[in-house]
Amino acid sequence: MALQQFGLIGLAVMGENLALNIERHGFSLTVYNRTAEKTEAFMADRAQGKNIVPAYSLEDFVASLERPRRILVMVKAGGPVDAVVEQLKPLLDPGDLIIDGGNSLFTDTERRVKDLEALGLGFMGMGVSGGEEGALNGPSLMPGGTQAAYEAVEPIVRSIAAQVDDGPCVTYIGPGGSGHYVKMVHNGIEYGDMQLIAEAYDLLKSVVGLNASELHQVFSDWNETPELNSFLIEITADIFTKLDDLGTGQPLVELILDAAGQKGTGRWTVETALEIGVAIPTIIAAVNARILSSIKTERQAASEILSGPIAEPFSGDRQALIDSIRDALYCSKICSYAQGMALLAKASQVYNYSLNLGELARIWKGGCIIRAGFLNKIKQAYDADPTLANLLLAPEFRQTILDRQVAWRRVIAIAAERGIPVPAFSASLDYFDSYRRDRLPQNLTQAQRDYFGAHTYERTDRSGTFHAQWF
Ligand code: NBP
């Protein structure tokens with residue numbers, strides 16, 4: 001039997017769809033799944049008639065592949081990846097390459113790279129974004145590892161990735177765990193985007209009083225603007241058109257329990273930011289919002305006891321407020337991306353990843369959940385100045401915020417007056433105001449630290465380290 005060009009392990013949602021995508025682009029492949037029934041079902045259904053062969057043992061799987069072997073692992077992150085790697089190790093030959101396409105923690109990837117490279121094997125951590133549909137029709141891919149490993153998979157990843165005006169949504173990210181690091185921060189940014197959209201929805205519904213069909217119209221209109229045109233705004237507009245199938249006739253979204261889950265990448269983004277000292281308040285607010293939403297029973301009990309302001313129905317200019325909410329959403333989004341990019345820039349230094357931030361914005365333009373026209377502006381900002389300290393300083397974004405900040409501040413003030421939480425809008429504005437202010441009140445914090453703990457302080461008028469006798 002002719003040897004297959006590529007191997008794929010793990011036939012859940014992502015693995016199945018990636019297998020079909022790879023085959024559609026002309027690469028033969030062998031697939032394997034721990035539970036044989038899944039492989040059988042896949043072969044009998046979606047893989048029928050395709051250039052895909054099944055393997056029912058890892059020995060047969062490995063033996064079926066041309067050398068050096070290229071094996072994509074799409075299993076649950078964590079222990080399952082280690083389990084698969086341990087089983088593969090004795091079966092592989094030097095030069096073979098394992099690619100972990102799951103949402104693995106980047107430190108796990110760093111460990112696996114070291115472990116496998118010591119054995120002469122290659123290991124890549126590749127972020128894959130776009131969910132089921134992206135995996136099938138073109139995801140955004142973030143492969144990290146050695147240059148040689150990338151070159152071994154380049155023809156495949158370039159052809160299966162989403163294609164945009166300036167090329168496929170894949171690039172060599174950098175060494176070690178950089179691919180998974182970038183994917184993690186991508187997901188953190190996704191958390192921020194989703195929370196900001198949720199806050200805009202809350203204001204449009206609770207203050208402006210829009211119903212589902214009006215909400216659909218507003219989000220559809222916003223999706224036509226160059227600033228907000230994006231996959232997440234598009235699906236949000238769609239969501240408001242979906243009526244309940246179970247006979248209530250109501251918009252489905254209003255019947256969905258308001259308790260959001262999270263799988264880990266949002267939390268990991270917060271953890272790494274704290275670890276390397278980068279402020280990402282919008283993304284932290286988004287993670288916190290999900291955590292608070294999840295204590296539904298406790299919130300319900302609290303709502304019987306704690307009261308907020310009693311607000312009159314909104315009687316001002318509805319369209320003007322809708323436009324202001326749009327501006328607040330866009331300014332907040334800029335701040336959220338500024339934080340995500342600042343985190344990537346710092347991580348690039350700390351971990352020697354040599355990340356190209358403009359190129360990252362480019363590969364997120366298609367395929368992934370945060371795909372948006374706006375990413376082109378970010379790419380242009382980094383193309384114009386690759387050493388940009390913060391996106392907020394780019395002329396395009398500086399001007400945008402200058403033009404819209406009155407509206408942004410007004411929206412947050414209205415929310416506060418009416419007791420409507422907008423944690424990510426507020427965190428974004430606080431980020432902007434903190435970043436742009438020459439003097440912050442942390443002189444007092446330093447004085448307190450020196451007072452109670454002799455932590456010392458620096459002065460504004462002379463160099464050196466000082467300690468005062470405060471009492
Ligand atoms: P899951 O994350 O649900 O994992 C299921 C797969 O892992 C099955 O093939 C399962 O085999 C296999 N598996 C497990 Br669980 N334990 C194993 C073990 N000890 N040894 C071998 N195989 C094992 O699949 P998914 O949703 O397709 O996601 C795959 C990866 O891609 C994950 O890391 C996920 O976070 C990431 N990702 C998912 C999405 C998405 O939209 N779903 C998007 C982007 C990235 P079995 O059939 O024998 O149980």
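What you see below is based on every heavy atom in this structure, not just the backbone, and it leaves out hydrogens, waters and symmetry mates. Every number for a ligand or one of its atoms is a count from 1 in the order of the listing.
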Whether W364 and H186 hold their rings parallel, tilted or perpendicular, with breakpoints at 30° and 60°: perpendicular

May I ask you to list the atoms of ligand 1 that are less than 4.0 angstrom from any heavy atom of G10? 9 (O)

For ligand 1 and E132, I'd like to know whether there is a polar contact (N/O to N/O, distance under 3.5 Å). no

Residues R112, D115: salt bridge by 4.0 Å N-O rule: no

re atom 29 (C) of ligand 1, the protein heavy-atom contact at minimum distance is M74 O, 3.8 Å

Considering only heavy atoms, does K38 approach ligand 1 within less than 4.0 Å through its side chain, its backbone, both, or neither? side chain

Go through ligand 1 atom by atom and flag the ones less than 4.0 Å from a non-hydrogen atom of G131. 41 (O)

protein heavy-atom neighbour closest to atom 20 (N) of ligand 1 works out as R34 CD, 3.7 Å

The closest protein heavy-atom partner of atom 22 (N) of ligand 1 is V75 CG1, 3.6 Å

With L65 as partner, the option from I71, L92, L3, L29 fulfilling side chain to side chain contact (heavy atoms under 4.5 Å, CB included) is I71

Out of L11, T35, L58, whose heavy atom sits nearest atom 46 (P) of ligand 1? T35

Report the C-alpha separation of Y330 and F397 in whole Å, then their side-chain angles, then the decisive distance to 0.1 Å, and conclude whether the side chain to side chain contact (heavy atoms under 4.5 Å, CB included) test is met. CA-CA 10 Å; Y330 187 47; F397 298 123; 3.9 Å; yes

Could you check whether S428 and T282, counting side-chain N and O atoms only, form a donor-acceptor pair closer than 3.5 Å? yes

Is it the case that ligand 1 has an N or O less than 3.5 angstrom from some N or O of V128? no

Counting each atom of ligand 1 from 1 as listed, which ones have a heavy atom of A77 under 4.0 Å away? 33 (O)

Atom 33 (O) of ligand 1: closest protein heavy atom, distance to 0.1 Å, is N103 N, 2.9 Å

Under a 3.5 Å cutoff, is there a donor and acceptor pairing between the side chains of D193 and Y337? yes

Heavy-atom nearest neighbour of atom 9 (O) of ligand 1 within options V81, N33, I9: N33

Ion pair E396/K377, N-O distance below 4.0 Å: yes

Min N/O separation K183 to ligand 1 under 3.5 Å: no

Looking at H180, E133, M14, the heavy atom closest to atom 40 (C) of ligand 1 belongs to M14

Between the side chains of S434 and D430, does any donor sit under 3.5 Å from an acceptor? no

N/O donor-acceptor pairs under 3.5 Å from side chains in residues 251-261, not counting sequence neighbours:
residue: E254; atom: OE1; partner: Y201; partner atom: OH; Å: 3.2
residue: E254; atom: OE1; partner: K205; partner atom: NZ; Å: 3.0
residue: E254; atom: OE2; partner: Y201; partner atom: OH; Å: 2.9
residue: D258; atom: OD1; partner: K296; partner atom: NZ; Å: 2.6
residue: D258; atom: OD2; partner: K296; partner atom: NZ; Å: 3.2
residue: D258; atom: OD2; partner: R299; partner atom: NH1; Å: 3.4
residue: D258; atom: OD2; partner: R299; partner atom: NH2; Å: 3.4

Under 3.5 Å between some N or O of ligand 1 and some N or O of S129? no

Distance from atom 3 (O) of ligand 1 to nearest protein heavy atom, with residue and atom: A12 CB, 4.4 Å

In terms of heavy-atom contacts, Q5 and G26 come closest through OE1-O, 3.6 Å

Backbone, side chain, both or neither: what part of V84 comes under 4.0 angstrom of ligand 1, heavy atoms only? side chain

Measure from atom 4 (O) of ligand 1 to every heavy atom in E37, E16, K76 and give the option owning the shortest one. K76

Residues D383 and R362 bridged, charged N to O under 4.0 Å: no

